[in-house]
Amino acid sequence: MLNVPTWTTDRVELLKNHFEAGLTCREIAASIGVSRNAVIGKLARLQLTRGPARAEPRPTKAARERSRKSIPRLQYKILQAVYENAEPLPEVAITSERRCSLFELSNQRCRWPIGTPGAEDFCFCGDTPVEGMPYCTGHTRLAYRPGSRQRVARAY
DNA sequence: CCCTGATTCGC
DNA sequence: GCGAATCAGG
């Protein structure tokens, strides 16, 4: 493969002329025989734009990654910690001394529902939650069972 | 959904 | 420098 430079002088000339003529980037790209992104990229490097640049520069990819992934990462860490001392889940119900009503729920009460909604004895676990989680340790392990998602997905 | 131009960043 | 991936906006 010969290494033909993409942006030869005449191609750049074509690019500029087509741009002046008001062709869209896609049309310019088709005319020259390159991708639309190539045209857009080259125009950007030539400082050629049609409208005023956007006021707010995009946050860096790193920043976007951070804000997008930080919460899932954190929760993954928490779950890791919950499963750190992994024993088989007990078959017996997880009991709580602190059962509470819907209105007594808070960030400091396990939100695991117990019983049938609407029933007289319906309530919530109410125990102290794992930090950053909506459930206590036992119910966190019940709620996030490894592999359960896949099994459920296949069932549908 | 389709499209557009603009920006970032790994190559 | 290049352009794919990704973005915001229409």
Side-chain angles (χ1 to χ4, degrees), chain A residues 1-89 94 102-114 116-118 122 124-156:
Chain A
M1 295 288 260
L2 266 65
N3 191 4
V4 179
T6 308
W7 292 109
T8 55
T9 310
D10 49 322
R11 271 182 165 179
V12 172
E13 209 51 43
L14 272 175
L15 173 69
K16 285 179 179 171
N17 291 340
H18 288 156
F19 179 80
E20 306 285 343
L23 297 185
T24 67
C25 289
R26 178 164 296 287
E27 290 165 335
I28 298 171
S31 160
I32 298 179
V34 297
S35 74
R36 187 180 73 99
N37 270 333
V39 168
I40 290 172
K42 186 58 178 173
L43 285 175
R45 267 171 256 123
L46 292 173
Q47 310 275 318
L48 292 176
T49 59
R50 291 187 199 273
R54 274 197 296 115
E56 301 173 32
R58 280 210 266 156
T60 65
K61 190 182 184 182
R64 277 183 278 119
E65 287 277 294
R66 245 179 290 121
S67 62
R68 188 169 58 84
K69 283 191 170 174
S70 63
I71 290 171
R73 276 245 170 89
L74 243 159
Q75 295 218 339
Y76 179 73
K77 278 289 168 64
I78 292 169
L79 288 175
Q80 259 192 334
V82 169
Y83 281 96
E84 197 91 331
N85 336 319
E87 290 167 40
L89 283 169
I94 297 160
L102 172 66
F103 302 108
E104 296 171 309
L105 283 179
S106 74
N107 288 347
Q108 298 311 311
R109 310 293 291 269
C110 174
R111 304 179 115 91
W112 191 269
I114 295 173
T116 306
F122 179 65
F124 294 87
C125 169
D127 220 339
T128 303
V130 176
E131 178 69 27
M133 283 288 162
Y135 306 124
C136 67
T137 304
H139 286 133
T140 294
R141 291 177 62 193
L142 269 185
Y144 304 99
R145 293 225 287 275
S148 64
R149 198 192 316 259
Q150 287 81 349
R151 259 182 268 117
V152 169
R154 251 185 278 118
Y156 276 100

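All heavy atoms count here, side chains included; hydrogens, waters and symmetry mates do not. Note on naming: letters A, B, ... go to the chains in the order of the sequence lines (proteins, then strands), and numbering restarts at 1 for each one.
Between the side chains of A/Ser35 and A/Asn37, no donor-acceptor pair is found at a separation under 3.5 Å.
The residue A/Arg45 sits close to a base: some heavy atom pair falls under 4.0 Å.
Side-chain contact check for A/Phe122 versus A/Ile114: every heavy-atom pair is 4.5 Å or farther apart. Contact of the A/Arg109 side chain with the A/Pro129 side chain is not registered, since no non-hydrogen atoms from C-beta on lie closer than 4.5 Å. Using a 4.5 Å cut-off on side-chain heavy atoms (C-beta onward), A/Leu43 and A/Thr49 make no contact.
Residue A/Arg11 contributes atom CZ, which lies 11 Å from atom P of C/dC2 at whole-angstrom precision. Atom P of nucleotide B/dG5 and atom CZ of A/Arg50 are separated by 6 Å, given to the nearest angstrom. Between A/Asn37 atom CG and B/dT8 atom P the separation is 15 Å, expressed in whole Å. In this entry the distance linking CD of A/Gln47 with C1' of B/dG5 reads 15 Å, nearest Å. Per the geometry, CG belonging to A/Leu48 stands 13 Å off C1' belonging to B/dA6, to the nearest Å. Taking atom CD1 of residue A/Ile40 and atom P of nucleotide B/dC3, one finds them 13 Å apart after rounding to whole Å. The interatomic distance linking A/Lys42 (NZ) with B/dG5 (C1') rounds to 18 Å, in whole Å.
Between A/Ser31 atom OG and A/Arg11 atom CZ the span is 10.0 Å, to the nearest 0.5 Å. Here the CG atom belonging to A/Leu15 is positioned 6.5 Å from the CG atom belonging to A/Leu46, to the nearest 0.5 angstrom.
Formation of a donor-acceptor pair under 3.5 Å by the A/Glu20 side chain with backbone atoms of A/Asn17 is not found in this model.
Note on ring orientation: taking the six-membered ring where Trp is involved, the planes of A/Tyr144 and A/Tyr135 are tilted (angle from 30° to 60°).
Phosphate proximity of C/dG3 to A/Thr6: present, with a side-chain N or O under 4.0 Å from OP1 or OP2. Listed pair A/Arg58 / C/dA8 fails the phosphate criterion, with no side-chain N or O lying under 4.0 Å from OP1 or OP2.
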Could you write out each protein N or O paired with an N or O of nucleotides 9-11 of chain B at a distance under 3.5 Å?
unit_1: B/dC9; atom_1: OP1; unit_2: A/Lys61; atom_2: N; d: 2.5

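Contacts of A/Phe19 classified as ring pair (Phe, Tyr, Trp, His ring centres under 6.0 Å), with partners at least two apart in sequence or in another chain: none.
Near-neighbour residues of DNA chain B inside residues 13-36 of chain A, defined by a heavy atom below 4.0 Å, number-ordered: A/Thr24, A/Cys25, A/Arg26, A/Arg36.
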